[in-house]
Amino acid sequence: MANDTNKFQAIISHCKEYGFIFPSSEIYDGLQAVYDYGQMGSELKKNIKDYWWKSMTQLQDNIVGIDAAIFMHPTTWKASGHVDNFNDPMIDNKDSKKRYRVDHLIEAFAEEQKTTGNEQLANDVLAQMDALLAKDDFAGLKKLIEDNKMKCAISGTGNWTDIRQFNLMFSTEFGSMETAEIPPAGGGGANKVYLRPETAQGIFVNFLNVQKTGRMKIPFGIAQIGKAFRNEIVARQFIFRMREFEQMEMQFFIRPGTQKEWYEKWKATRLEWHQSLGIPAEKYRYHDHVKLAHYADAACDIEFEFPIGFKELEGIHSRTDFDLKQHQEYSKKKQQYFDNDIDPATGKPYGNYIPYVIETSIGLDRMFLAVVSHAYEEQDLSTPEKPDSRVVLKFPAKLAPIKLAVLPLTKKDGLPEIAEQIMTDLKPHFRCFYEEKDSIGKRYRRMDALGTPFCVTVDHQTKEDNTVTIRHRDSMEQERVPIGKLKEIVLSAIG
RNA sequence: GCGGCAGUAGCUCAGUGGUAGAGCUUCAGUUUCCCAAACUGAAGGUCGUGGGUUCGAUUCCCAUUUGCCGCUCCA
């Protein structure tokens, strides 16, 4: 149950078979950990996006959205810490095949020296490591490891590969001409820019633009949906971990000292959002971080029970004033807010400060996977007379790619004409789908597999009294309703 | 990145050192008045890719790529 590989595989197959997700560039054998959303997947994804965007902006009084560029000035990533913290040199032991982060290996060695009394050696090694890391001197680092006879804990040998760099961030050349300059070791040329590894920085660097032009008063938030890119050492796990993915983030700017209460508030608010989709509470849990990232003073994940177990779906981080302070330092531009509100403690305005930030960050692709995982169901409908089954995606109606299928019972006797009129009337209001091929049962099952919540069927009685049957996906029950009521029925279900 | 397993039609899979087959799917019809119907006909594969052995390779060998499982990694 907690780790149902077969179900996960079935979901992946279903996503491909019914046009939700295809491997990227499949005709060229695909591209590892990159996926395309198909005709159904793009609709579902868009619906998830819209639902998030509406609840995080339109339904809030003090949150606005932006859409920042993926390219950002390279200094952004120095300020954020991504350049220094996430370009980890790695080294493999050839005997045990175990891979180490070079800094971890050397630090472990230094730790060991300290416990055996060689404090001096430990400090020397650490100092040399820092100097070599700063220069990206991999040969020097390897020499440091070899000179000190550092061993692999598993194999006990010092049989190491060369040191290689594993970059979290993708980089590219800015400008149409490649520079002739030879890039420094481990780095790029002068025109190197990164593809953003998180959308958050696009919000931080626009903090004052939005605050001033929107006359925003703290506390307020800036939301953004956008692509981000990360190299992962292993990527697998379908769309759970992708090189190119989409984040839905909101950074909430607050008065210093109030971070605890806002953190708790957003933690609760975001869980409520998930549960508002009708997914049972037991599929979700919080995971509080014990070891915190360099920018956070509190952090938790909202985890979802995927078929591969409970995994991170959304993060809520109390980022302190780390990011704005860093940008202020690197850009030399003040990132302060003047707070006119009266501080009851002093009777005076709060004055100038760098705001604190609470971040909510959800992976859109992971949310997609969560929705599909929960919706996917294989049902046994066998009767004593004959075996039968169906695959149904029980999407919340508001997320379903297609809301309504219009199906004439037969393709003659004027039934298609009536059905087409229904299509014409309803398709301006929501996504409809028309189908007259094959038996009605087969058409129902196809719609189940796409998660279409409603099917209306035009039959001979329709010609008499202008009523149709509407069939509900989950119960498979039908009711007869006037054609004129269809719009209202569907709109109220997806509202 | 390492190790193991695998890749034949859109899907699930047979098969053979002599250039491939089934079911489902898809498409065109006939029939069909409510939950995967039947019948007729059609389409669809340079057997993952590149080399090698061979008179001849989808089959044997090597490399490569993709996927799965395990390990590793994952602010």
Side-chain angles (χ1 to χ4, degrees), chain A residues 3 5-6 8-10 12-14 16-19 22-34 80-82 84-88 90-101 104 152 154-155 161 164 166 168-169 197-198 200 230-238 240-241 289 291-296 299 301 308 311-312 315 317 319 322 359 361 379 381-383 386-392 407-413 415 437-449 455-463 468-473 475-480:
Chain A
N3 192 338
T5 305
N6 288 339
F8 196 52
Q9 292 309 321
I12 294 169
S13 299
H14 192 88
K16 166 132 191 252
E17 185 97 34
Y18 288 92
F22 308 121
S24 162
S25 337
E26 198 185 8
I27 63 169
Y28 294 110
D29 287 333
L31 192 59
Q32 196 181 52
V34 185
S80 70
H82 285 81
D84 294 329
N85 290 335
F86 303 115
N87 285 354
D88 302 321
M90 311 286 278
I91 191 166
D92 292 0
N93 183 272
K94 288 180 186 168
D95 298 313
S96 65
K97 309 291 187 198
K98 181 159 169 61
R99 167 166 301 161
Y100 294 88
R101 269 174 63 170
H104 287 179
C152 166
I154 311 282
S155 67
T161 62
R164 282 169 295 179
F166 287 88
L168 173 96
M169 291 192 287
E198 63 175 19
R230 296 180 197 182
N231 264 314
E232 303 283 352
I233 293 171
V234 285
R236 295 183 225 178
Q237 296 178 311
F238 195 41
F240 184 79
R241 184 163 286 161
H289 289 201
K291 198 181 127 203
L292 294 169
H294 58 270
Y295 51 72
D301 297 332
I308 49 176
K311 300 273 185 187
E312 177 187 347
H317 291 185
R319 290 181 81 129
F322 176 84
E359 166 187 273
S361 174
Q379 295 178 338
L381 303 175
S382 297
T383 59
K386 69 165 190 171
D388 197 3
S389 67
R390 70 166 180 165
V391 173
V392 56
L407 316 170
L409 195 54
T410 69
K411 51 182 151 183
K412 57 179 190 183
D413 301 333
L415 301 187
K437 249 188 73 67
D438 291 314
S439 74
I440 192 68
K442 200 171 212 169
R443 283 179 273 167
Y444 285 154
R445 297 303 166 86
R446 274 204 287 260
M447 287 300 111
D448 289 342
C455 294
V456 306
T457 304
V458 177
D459 58 18
H460 281 74
Q461 191 181 327
T462 308
K463 293 197 289 187
V468 290
T469 60
I470 184 163
R471 181 244 192 202
H472 298 267
R473 176 194 65 204
S475 64
M476 296 198 288
E477 279 166 7
Q478 295 173 269
E479 51 179 322
R480 186 161 278 279

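Since the model is a prediction, treat every value here as computed from it, not as a measurement. Because only heavy atoms are used, hydrogens play no part in the values below, and waters and symmetry mates are left out as well, while side chains stay in. Proteins get letters first, then strands, A, B, ... in listed order; numbering begins at 1 in each.
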* To do: In whole angstrom, give the distance that lies between atom NZ of A:Lys16 and atom P of B:G10.
  =>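 Atom-to-atom, A:Lys16 to B:G10, this comes out as 9 Å.
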* Asked: Tell me: CZ of A:Arg446 to P of B:C24, nearest whole Å?
  ->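 Those two atoms, CZ and P, are 15 Å apart.
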The side chain of [X] lies closest to which of these nucleotides: [options]?
| X | options | value |
| --- | --- | --- |
| A:Ser439 | B:A28, B:A37, B:C35 | B:A37 |
| A:Gln478 | B:C35, B:U32, B:C27 | B:C35 |
| A:Thr457 | B:U25, B:C34, B:C69 | B:C34 |
| A:Arg445 | B:C34, B:C35, B:C69 | B:C35 |
| A:Lys437 | B:C27, B:A36, B:C34 | B:C27 |

Please confirm whether any donor atom in the side chain of [X] sits under 3.5 Å from an acceptor in the base of [N], or the reverse.
| X | N | result |
| --- | --- | --- |
| A:Glu17 | B:C11 | no |
| A:Arg390 | B:C35 | no |
| A:Arg443 | B:C35 | no |

Using purine N1 to pyrimidine N3 plus N6-O4 or O6-N4 for Watson-Crick, or N1-O2 and O6-N3 for G-U wobble, each under 3.5 Å, what pairs with [N]?
| N | answer |
| --- | --- |
| B:U16 | none |
| B:A38 | B:U30 |
| B:G45 | none |

Counting C-beta onward and ignoring hydrogens, is there a side-chain heavy-atom pair between [X] and [Y] closer than 4.5 Å?
| X | Y | answer |
| --- | --- | --- |
| A:Asp438 | A:Arg446 | yes |
| A:Arg241 | A:Arg230 | no |
| A:Arg480 | A:Asp459 | yes |

* Nearest-nucleotide wise, let me know which of A:Arg480 and A:Asp438 is further upstream toward the 5' end of RNA chain B. => A:Asp438
* Nearest nucleotide by nearest heavy atom, which residue falls closer to the 5' end of RNA chain B, A:His317 or A:Thr410? ->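 The 5'-side residue here is A:Thr410.
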* B:U25 versus B:A36 - spacing of their C1' atoms, nearest Å ->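 Looking at atom C1' only, B:U25 and B:A36 are 12 Å apart.
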* For atom C1', what is the distance between B:U19 and B:U46, given to the nearest Å? -> 9 Å
* Asked: Nearest heavy-atom pair of A:Thr457 and A:Thr462: which atoms, and what distance?
  ->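 Scanning both residues completely, I find the closest heavy atoms to be O-OG1, 4.5 Å.
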* Atom pair CD/CZ of A:Gln379 and A:Arg390 - distance to nearest 0.5 Å -> 4.0 Å
* Assign A:Thr469 to base, sugar-phosphate, or nothing according to its heavy-atom contacts below 4.0 angstrom with the strands shown. => base
